[in-house]
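Have a look at the structure below, then the notes.
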Amino acid sequence: MRHLRRFLAVLTLAVLPLAALAQDEGIEAVLEAQGDLIEESSRRTIEPAISALTESGIPLAREVLRRWQERELYRRMSDGVFFFAEEAGDDTLALTAIATGENAGEAPEDDFTEIRPNAGIRAMIQSALAGFRLQDEDITLRRRAVEAIARSPEPEHLAMLRNVMPTEPDPVLQARMERLERLLTVQFAATDAERVEAIESFGADTAREVRAALTPIVAARRMASVEGPAEGDNVARTLTPGSTDLSAEEAYALLVSRGLAPERIDRAARRDALVANIVDGRVGGVPVAALDTQNARDDAYAALAAEGVVPATALELEIEEIVDAHVFYELYTDPAAEVTAAARDAIDRIAFSLEAQQYIDLGLDALSLASIYFLAAIGLAITFGVMGVINMAHGEFIMLGAFTGWLVQTIVPNYTISLIVALPLAFAVAFGAGVALERLVIRHLYHRPLETLLATFGISIALQQLVKNVFGTQAKPLTPPDWLAGSLVVNDIIGISYLRIGIFGMALVFLGLLLFVLNRTRLGLEVRAVTQNPRMAASMGINPGRINMLTFGLGSGIAGIAGVAIGMFAQVTSEIGQNYIVQSFMTVVIGGVGNIWGTLAGASLIGVLQKGIEDFNPSNTLAAQTYMILFVILFIQFRPKGIVAPKGRAAGN
């Protein structure tokens with residue numbers, strides 16, 4: 001038995017090279033049989049040659065197709081033998097034997113015919129190569145082959161996918177193949193039942209590739225005939241001339257395009273044609289003097305048309321009669337009624353799902369914008385609510401925070417660490433600036449709102465100019481960390497950037513911190529006391545001036561943190577804060593002065609309103625802001641104390 005196994009092993013080693021040699025010789029036989037078609041390289045006749053190579057089962061067939069596609073396939077004129085060849089010099093080719101891969105020397109280029117596939121043939125070769133790549137050992141090549149099929153599907157790809165799907169070892173790629181197989185079944189399956197089943201399997205899937213597969217099925221073309229649709233025609237709908245779906249002019253133009261009616265020309269063109277054909281004082285046998293009525297001119301033109309001098313055209317009354325004598329309808333390009341009905345139902349489901357998902361995506365955008373407005377306005381809500389100060393320089397605290405983040409990032413190259421450092425530092429810088437502003441200016445102008453507004457407006461301009469002088473007018477980049485780059489994409493419709501998710505999370509964190517400070521700390525108790533009744537708070541030992549200073553600093557510090565967040569998706573400039581000051585004031589006023597929950601509600605309302613208006617007119621954001629301001633004005637007329645109105649003694653202040 002041991003000797004028998006040795007004999008079989010030796011026999012196998014001897015047979016394998018012979019089998020390989022037989023395959024190598026087989027490729028030459030295939031090329032010889034298909035040589036004339038390959039050399040002709042006609043898009044109409046090349047398919048049998050490509051199929052013969054693809055279905056031969058010879059490993060070298062893949063290399064032949066690849067080199068053919070890259071225009072490295074040549075045929076010797078004397079005996080019709082094919083070679084791989086590359087230019088070796090002036091009018092010389094370096095030859096490689098296809099069967100053995102050995103160097104076949106050099107030869108004059110004039111002795112060979114270069115096989116030059118056109119774009120259509122290259123596409124067919126690419127399709128054939130995809131079948132080889134689907135079975136490649138390298139999973140990367142298999143993935144590329146699947147995506148190449150998805151980009152340019154052909155009917156033969158369906159059988160390829162069905163052959164390789166059961167043996168695909170990677171479950172993710174296998175799932176992708178199965179989905180692509182269903183998409184190709186929708187387009188290329190042999191039976192209508194298969195196509196309907198594949199269409200129904202997608203349900204309300206809104207993926208772009210599903211929509212791309214279904215849309216051609218329900219495409220329709222306009223038709224016109226005297227008898228109407230023929231029996232068995234897949235009619236999409238009947239059209240009535242003069243309706244919104246088909247105007248009378250469109251109906252007649254359709255008849256003209258299909259040769260069912262003569263062309264029409266306007267009266268000016270008809271008059272010019274009559275003038276150009278005046279011969280001996282007559283036009284078409286009618287004296288010129290007799291052409292004083294429209295009917296006479298029509299008769300003269302008809303006579304010229306009968307002689308072939310001018311093109312035939314229809315009169316206005318004839319046009320109506322011709323249109324009324326025909327039936328107008330739309331035919332689906334796909335002849336299978338069951339398939340088009342299933343596709344139509346699927347498209348309706350997808351349209352409903354798309355609309356719902358678009359509203360979800362719009363809601364995410366509104367939520368993201370609301371979180372930005374909340375961060376920008378929460379500091380203003382604190383200072384405005386506690387102190388009653390209209391601080392027009394609030395936007396400049398946002399600017400200081402943004403520039404602080406940029407400066408930190410120029411020193412600390414690690415974006416994550418720089419963000420961790422920038423947030424508390426921006427709070428400290430803006431807090432210090434707010435305390436300085438309150439101590440130097442604001443406290444001297446209490447209960448004088450007009451002077452406070454003018455003073456803070458002047459300080460706003462001064463701070464902007466100071467920053468321009470120090471940092472210049474060019475926008476500065478504030479780059480978010482890598483883990484905030486990219487987007488969370490649910491599907492083709494719903495998606496939101498990780499940066500906006502981070503800002504939303506930051507807004508929630510600060511909401512929680514502020515609620516804790518105001519409701520669970522001594523500082524918060526004192527702030528609420530001063531807000532409701534400053535005199536009573538002072539009589540209880542609370543220093544209102546100190547509370548005002550800390551409150552103003554706290555609100556300014558939060559604005560600085562908002563500046564870091566805003567600067568990561570907007571360019572950092574000296575005007576960055578001015579872009580949010582109006583929305584901040586509107587947020588505070590609508591929400592309810594001095595109330596955290598009111599500010600949250602106001603930011604949500606402003607964000608939803610702005611995104612909703614922009615959705616109606618996405619190309620005009622200025623109009624959206626204008627309508628939003630008008631809404632705010634009307635809202636205040638009916639609810640002057642905001643969404644969350646103050647209660648108790650604070651309501652009367």
| message | Between the side chains of D205 and R179, is the shortest nitrogen-to-carboxylate-oxygen separation below 4.0 Å, so that they form an ion pair? | response | yes
| message | Set out, in order, the CA-CA distance, both residues' side-chain angles and the distance that settles side-chain contact (heavy atoms from CB on, under 4.5 Å) for V589 and F635, then state yes or no. | response | CA-CA 10 Å; V589 172; F635 182 87; over 6 Å; no
| Closest approach of A251 to P241 (non-hydrogen atoms, all atoms of both residues) | CB-CB, 3.9 Å
| Does a sphere of radius 6.0 Å around CD in E355 hold more than 12 heavy atoms from other residues, nucleotides or ligands, not counting ones at 6.0 Å or beyond? | no
| field | S51 versus E47, side-chain donor and acceptor atoms under 3.5 Å | value | no
| query | Which heavy-atom pair separates S368 from S371 by the least distance, and what is that distance? | reply | O-OG, 2.5 Å
| said: Less than 4.5 Å apart, side chain to side chain, heavy atoms only: is that true for L129 and R133? | reply: yes
| message | With rounding to the nearest 0.5 angstrom, report the OG1 to CZ distance, T206 to R349. | response | 12.5 Å
| task | Decide yes or no for W597 and I643: does some side-chain heavy atom of the first lie under 4.5 Å from some side-chain heavy atom of the second? | result | no
| said: For the residue pair Q583 / T587, report whether a side-chain donor-acceptor contact shorter than 3.5 Å exists. | reply: no
| said: Between D245 and R237 (salt bridge meaning N to carboxylate O under 4.0 Å), is one present in this structure? | reply: yes
| message | Taking E614 first and then K611, would you say they form a salt bridge - that is, a charged N and a carboxylate O separated by under 4.0 Å? | response | yes
| field | Validation row: R195, I217 side chains within 4.5 angstrom (heavy atoms) | value | yes
| query | To the nearest 0.5 Å, how far apart are CZ in R344 and CD1 in I199? | reply | 11.5 Å
| said: Taking CD in E575 as the centre, count heavy atoms belonging to other residues, nucleotides or ligands within less than 6.0 Å. Is the count above 12? | reply: yes
| Any side-chain heavy-atom pair of M399 and Q578 under 4.5 Å | no
| CZ of R44: more than 12 outside heavy atoms within 6.0 angstrom? | no
| message | Would you say that I496 contacts L367 through its side chain, given a criterion of any heavy-atom pair below 4.5 Å between the two side chains? | response | no
| field | Gap separating the CZ atom of R143 from the CZ atom of R176, nearest 0.5 angstrom | value | 12.0 Å
| If you round to the nearest 0.5 Å, how far is CZ of F631 from CD1 of I636? | 10.0 Å
| side chain to side chain donor-acceptor pair (under 3.5 Å) partner of T340, chosen from D192, D334, N234 | N234
| query | Picking from H157, E181, E178, what satisfies side chain to side chain donor-acceptor pair (under 3.5 Å) with R162? | reply | E181
| task | May I ask you to test the H326-V226 pair for a side-chain heavy-atom distance under 4.5 Å? | result | yes
| remark: When rounded to the nearest 0.5 Å, the distance separating OG1 of T240 from CZ of F328 is 10.0 Å
| remark: OG1 (T599) and CG (L380) are apart, to the nearest 0.5 Å, by 8.5 Å
| task | For the residue pair I503 and F569, establish whether any side-chain heavy-atom pair is separated by less than 4.5 Å. | result | yes
